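These figures come from a predicted structure and were not determined experimentally.
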2 protein chains.
Amino acid sequence: MLSEKTVERLSEYRRHLSDLQARGVTHVFSNLLAAETRVTAAQVRRDMMNLGLSGSTATGYSVSDLLEHLAGLLDHPHSTRVALIGTGNLGRALLAFFRARPGKAVIAMAFDSDPEKSNRVCCGCRVYPMDSLEARIREDEIRTAILCVPEQDANAVAQRLVNAGVTGILNFAPTRLKVGDQVYVDTMDISSVIEKVGYYAVRGTRAPGRK
Amino acid sequence: MLSEKTVERLSEYRRHLSDLQARGVTHVFSNLLAAETRVTAAQVRRDMMNLGLSGSTATGYSVSDLLEHLAGLLDHPHSTRVALIGTGNLGRALLAFFRARPGKAVIAMAFDSDPEKSNRVCCGCRVYPMDSLEARIREDEIRTAILCVPEQDANAVAQRLVNAGVTGILNFAPTRLKVGDQVYVDTMDISSVIEKVGYYAVRGTRAPGRK
DNA sequence: TCCAGCTTGTGACATAATTCACAACGTAAG
DNA sequence: CTTACGTTGTGAATTATGTCACAAGCTGGA
Ligand SMILES: NC(=O)c1ccc[n+]([C@@H]2O[C@H](COP(=O)([O-])OP(=O)(O)OC[C@H]3O[C@@H](n4cnc5c(N)ncnc54)[C@H](O)[C@@H]3O)[C@@H](O)[C@H]2O)c1
Ligand SMILES: NC(=O)c1ccc[n+]([C@@H]2O[C@H](COP(=O)([O-])OP(=O)(O)OC[C@H]3O[C@@H](n4cnc5c(N)ncnc54)[C@H](O)[C@@H]3O)[C@@H](O)[C@H]2O)c1
């Protein structure tokens with residue numbers, strides 16, 4: 001089982017590797033990949049080791065090999081199709097973003113409790129009313145969801161998602177979701193992050209322990 | 001100098017402390033604060049220690065004391081007024097969010113290169129054209145910025161921000177910003193995070209090392 | 001008064017994450 | 001063929017982060 005930090009780096013490596021492949025590059029050294037991201041060459045090699053991949057001292061790592069292994073880890077029928085709950089300001093921005101973006105994951109369906117917003121298409125994605133949530137998520141075997149509902153509804157909706165079989169939630173509401181241990185939750189708390197950025201900004205420095 | 005993880009926790013403590021204060025609670029024990037967040041009681045006490053705060057064994061910590069010290073750390077004229085660059089889908093969602101939210105930080109000004117979008121008011125915030133960026137940021141002594149421009153423009157805009165005196169950037173573009181060591185950057189890479197969530201979702205587990 | 005039952009503060013410990021440093025490797029040029 | 005150079009793979013060291021466990025503190029009730 002890979003750690004969270006590792007998985008984040010792998011995703012970042014993949015983006016750069018795709019770029020490199022598009023530019024016709026077939027092999028890459030750890031120091032090049034490191035320069036593109038924020039990590040050291042040793043870290044890249046350590047990650048490759050954890051993945052069980054190896055390169056050659058003369059040519060480095062094979063770009064297509066790496067991409068293939070990363071796809072095996074990161075792309076999965078249950079993770080590349082996600083549901084989005086709450087098509088408000090943020091939800092719509094995300095729908096537009098995922099639609100435009102060339103990445104693997106797509107928003108397969110969206111839900112909203114507001115009858116004005118459901119039963120229509122928004123940014124190329126069908127928006128359904130909340131009463132069909134469990135049935136549709138079960139039918140499509142969706143396991144991953146993005147939660148963009150107001151704070152006070154977040155826990156109740158999360159509970160419904162989990163009951164419908166969702167095991168990974170990207171939560172934008174500034175609340176700690178109370179779900180079982182088998183469900184992975186990442187809460188992106190933008191208010192908190194902006195306070196953190198402000199903290200280091202006024203001190204005119206990077207955080208301790210940053211390269 | 002506090003670590004990034006610590007500052008994030010402090011911000012989270014503050015949210016709950018404000019709630020408690022609004023409900024008339026004057027003192028709080030470490031285990032209560034811990035239950036509201038995702039940390040242990042020992043972690044809360046360690047954070048308080050790092051802050052130089054102390055409580056009493058009988059009544060716990062004084063809510064107003066804590067809030068006062070946290071405000072001293074997190075609120076600063078240079079960090080509570082931020083600039084937002086790029087009023088596209090995401091930028092507008094953030095403008096609406098910060099406007100509605102009761103928090104300390106506010107978006108004081110926004111910029112966009114599109115003449116259709118600048119020289120108007122969006123979500124209660126003036127949007128200016130890019131050519132006035134340096135002057136306005138300097139004049140208001142803005143140090144913190146939120147970057148919501150397309151990936152290919154992110155580095156150029158970041159450079160301008162830094163030249164204008166910005167030392168903290170919350171970056172939403174999936175790019176490593178190349179800025180000096182004295183500038184703090186936090187990149188929220190949503191694509192990367194959704195891949196991480198998917199990774200753990202298909203494996204039906206929390207990440208290693210999570211409570 | 002004095003004790004029971006909670007708390008805090010913190011040294012010591014445990015775990016996670018990252019970097020160092022170097023032997024072994026592979027190629028290209030001479 | 002052989003040397004020079006820059007690379008990989010990885011054990012060990014280092015740093016960062018979180019937890020344990022317990023002495024000492026405080027309060028309310030007997
Ligand atoms: N807008 C931002 O930039 C931003 C930034 C950070 C966090 N957030 C958080 O994201 C969440 C959504 O933000 P927003 O700005 O899009 O808010 P919003 O009010 O614009 O949208 C909320 C949407 O959720 C729908 N909704 C409400 N209750 C629901 C329910 N029980 N089930 C399903 N749908 C429901 C509403 O109809 C609406 O469409 C909030 O929790 C907010 O704190 C937003
Ligand atoms: N929309 C999302 O949910 C989302 C999610 C994650 C990341 N992002 C990232 O955030 C950024 C913005 O996303 P978006 O969806 O709002 O895009 P968008 O295209 O809707 O908006 C971009 C805005 O930036 C303006 N702009 C373009 N070039 C500029 C420049 N050089 N200087 C100033 N303004 C400029 C445009 O006029 C437009 O208003 C992108 O980098 C995107 O990858 C967006």
Side-chain angles (χ1 to χ4, degrees), chain A residues 1-13 17 20 25-63 65-66 69 176 184 196 199-200 205-211, chain B residues 1-13 17 20 25-63 65-66 69 176 181 184 186 196 199-200 205-211:
Chain A
M1 176 67 56
L2 302 170
S3 77
E4 291 186 79
K5 293 262 185 78
T6 304
V7 178
E8 276 171 13
R9 282 194 301 271
L10 296 186
S11 174
E12 206 174 341
Y13 296 156
L17 288 167
L20 290 172
V25 177
T26 62
H27 290 79
V28 65
F29 292 121
S30 62
N31 58 30
L32 175 64
L33 204 46
E36 305 263 11
T37 64
R38 72 191 181 303
V39 302
T40 62
Q43 180 77 76
V44 171
R45 296 201 299 277
R46 177 73 60 188
D47 286 336
M48 297 305 160
M49 200 179 95
N50 290 152
L51 256 60
L53 289 171
S54 60
S56 116
T57 59
T59 57
Y61 300 89
S62 153
V63 171
D65 250 34
L66 259 51
H69 280 257
R176 190 174 67 109
Y184 176 84
K196 179 178 66 167
Y199 176 87
Y200 292 109
T205 176
R206 295 212 169 181
R210 282 215 177 183
K211 282 158 303 306
Chain B
M1 176 65 56
L2 302 170
S3 77
E4 290 186 78
K5 295 267 184 73
T6 303
V7 177
E8 277 171 12
R9 282 193 301 271
L10 296 186
S11 174
E12 205 174 342
Y13 297 155
L17 288 167
L20 291 173
V25 178
T26 62
H27 290 80
V28 65
F29 292 122
S30 62
N31 58 29
L32 175 65
L33 204 44
E36 305 264 10
T37 62
R38 72 192 181 301
V39 302
T40 62
Q43 179 77 73
V44 172
R45 295 201 299 277
R46 176 74 62 188
D47 286 336
M48 296 306 158
M49 200 180 95
N50 290 152
L51 256 61
L53 289 171
S54 59
S56 115
T57 58
T59 57
Y61 299 89
S62 153
V63 171
D65 250 36
L66 259 52
H69 280 257
R176 181 72 31 211
D181 273 7
Y184 177 84
D186 193 324
K196 180 179 65 168
Y199 176 86
Y200 293 108
T205 175
R206 295 214 169 181
R210 280 214 181 188
K211 280 160 304 307

Whole-Å distance between [N] [atom2] and [X] [atom1]?
X: A/His27; N: C/dC25; atom1: NE2; atom2: C1'; answer: 16 Å
X: B/Met48; N: C/dT8; atom1: CE; atom2: P; answer: 10 Å
X: B/Leu10; N: D/dT17; atom1: CG; atom2: P; answer: 13 Å
X: B/Gln43; N: C/dC13; atom1: CD; atom2: C1'; answer: 15 Å
X: A/Leu32; N: D/dG6; atom1: CG; atom2: P; answer: 16 Å
X: A/Glu4; N: D/dT17; atom1: CD; atom2: C1'; answer: 14 Å
X: B/Leu51; N: C/dT8; atom1: CG; atom2: P; answer: 15 Å
X: A/Asp47; N: C/dT18; atom1: CG; atom2: P; answer: 8 Å

Next on the checklist: Let me confirm one number: the CD-CE distance from B/Gln43 to B/Met49, rounded to the nearest 0.5 Å.
Outcome noted: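 Here the interatomic distance stands at 11.0 Å.
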Kindly say if [X] contacts the phosphate of [N], meaning a side-chain N or O under 4.0 Å from OP1 or OP2.
X: B/Asn31; N: C/dT7; answer: yes
X: B/Ser30; N: C/dT8; answer: yes
X: B/Ser56; N: D/dC26; answer: no
X: B/Arg45; N: C/dT7; answer: no
X: B/Arg46; N: D/dC20; answer: no

Next on the checklist: Using the rule given for salt bridge (Lys or Arg N to Asp or Glu O under 4.0 Å), can you reason through A/Glu36 versus B/Arg176, listing the C-alpha separation, both sets of side-chain angles and the distance that settles it, and then say yes or no?
Outcome noted: CA-CA 7 Å; A/Glu36 305 263 11; B/Arg176 181 72 31 211; over 6 Å; no
Item to check | Whichever of A/Leu53 and A/Lys5 has its nearest DNA chain D nucleotide further upstream toward 5' | outcome: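 Residue closer to the 5' terminus by nearest nucleotide: A/Leu53.
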At 4.0 Å (heavy atoms only), tell me whether [X] reaches a base, stays on the sugar-phosphate, or touches nothing.
X: B/Thr6; result: nothing
X: B/Ser3; result: sugar-phosphate
X: A/Thr59; result: nothing

Item to check | A/Asp47 and its side-chain contact (heavy atoms from CB on, under 4.5 Å) partner, picked from A/Thr6, A/Leu2, A/Leu33, A/Leu53 | outcome: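 By the side-chain contact (heavy atoms from CB on, under 4.5 Å) criterion, A/Asp47 pairs with just one of A/Thr6, A/Leu2, A/Leu33, A/Leu53: A/Thr6.
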Next on the checklist: Looking at A/Ser11 and A/Val7, would you say the former's side chain and the latter's main chain have a donor-acceptor pair under 3.5 Å?
Outcome noted: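 No; zero donor-acceptor contacts below 3.5 Å.
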Checklist entry - Any donor-acceptor pair under 3.5 Å linking the side chain of A/Tyr200 with the backbone of B/Glu4? => result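 Here the side-chain-to-backbone pair exists.
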Checklist entry - Of the non-hydrogen atoms in A/Thr59 and A/Phe29, which two are nearest, and what is the gap between them? => result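 The answer is C-CE2, 3.3 Å.
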Item to check | A/Arg9 vs A/Ala58, nearer the 5' end of DNA chain C by closest nucleotide | outcome: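 Here A/Arg9 is the residue nearer the 5' end.
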Checklist entry - If you find the nucleotide of DNA chain C closest to A/Ala42 and the one closest to B/Ala42, which residue's nucleotide is nearer the 5' end? => result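 The 5'-side residue here is B/Ala42.
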Next on the checklist: Among C/dG9, D/dG9, D/dG18, which nucleotide has an atom closest to any side-chain atom of A/Tyr61?
Outcome noted: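 Minimum distance to the A/Tyr61 side chain belongs to D/dG9.
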Checklist entry - Which of these nucleotides, D/dT8, C/dT19, C/dT7, is closest to any side-chain atom of B/Phe29? => result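 The nucleotide sitting nearest to the side chain is C/dT7.
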Next on the checklist: Under 3.5 Å, is there any donor-acceptor pair linking the side chain of A/Thr57 to the base of C/dG26?
Outcome noted: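 Side chain to base: no pair below 3.5 Å.
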